[in-house]
Amino acid sequence: MKNKQNKFFKFCPVCGGKFITKKQDHLDRLVCSKCDYVFYQNSKPTVSALIVNKKKEILLVKREIQPKFGSWDTPGGFLENGEDPIVGLKREMMEELGIKLKNIKYLGIYLDSYYERYYLSTLNILYEAEIASGKLKPMDDVSELRWFNKKDLPLKKIGFQWAVIALKEYIK
Ligand SMILES: [Zn+2]
């Protein structure tokens with residue numbers, strides 16, 4: 001396994017000392033040259049929803065931010081530190097779409113990567129859900145919303161590979 005983040009982080013967040021790369025657990029890790037702090041890096045968790053309506057259409061959003069500006073995406077976002085995934089999912093849906101969810105069901109976890117200033121790997125938790133209340137409108141980070149029939153999903157215009165895989169699995 002390669003650690004692609006090594007080149008981006010240079011200084012220890014504890015003491016400001018310079019990082020050096022050391023082999024640990026068979027992996028290259030960033031370790032502080034002054035205080036020996038080990039900078040463990042993990043896949044960042046995200047939460048997303050496949051929101052379906054009564055016609056079994058799926059709601060996708062158009063990204064208004066980098067990376068993957070202008071591509072279609074499942075609504076969602078990064079979890080905050082210590083945030084419960086369902087709480088985070090509800091927060092994201094309120095911020096992005098102005099809606100509350102009901103019938104939330106866990107679908108799966110998908111690994112992928114994300115590049116914004118530096119490479120990071122993501123661990124994407126996906127749920128199925130329906131709209132409980134609220135007036136659907138594009139808000140934070142989103143320029144457009146559209147309901148797609150399962151047969152007409154814009155699979156080639158979806159920004160993240162994990163979402164393509166998840167959508168293909170879902171519509172099987
Ligand atoms: Zn240090």
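Given the structure is predicted, the values throughout are model-derived calculations rather than measurements. Order of listing sets the numbers, starting from 1, for every ligand and every atom in it.
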Donor on one side chain, acceptor on other, N103 and E130, under 3.5 Å: yes
Residues D112, T122; criterion side chain to side chain donor-acceptor pair (under 3.5 Å); working and verdict: CA-CA 5 Å; D112 203 353; T122 55; 5.3 Å; no
Distance-only side-chain donor-acceptor flag, Y106 / E128, under 3.5 Å: no
Y115-Q66 side chain donor-acceptor pair, cut-off 3.5 Å: no
Over all atoms of both residues, closest heavy-atom pair of Y127 and L89: CD1-CD2, 3.8 Å
Nearby protein N/O/S atoms (those under 2.8 Å) for the Zn ion (ligand 1), with water ignored: C12 SG, C15 SG, C32 SG, C35 SG
Minimum-distance pair of heavy atoms, taken over all atoms of R29 and D25: NH2-OD2, 3.0 Å
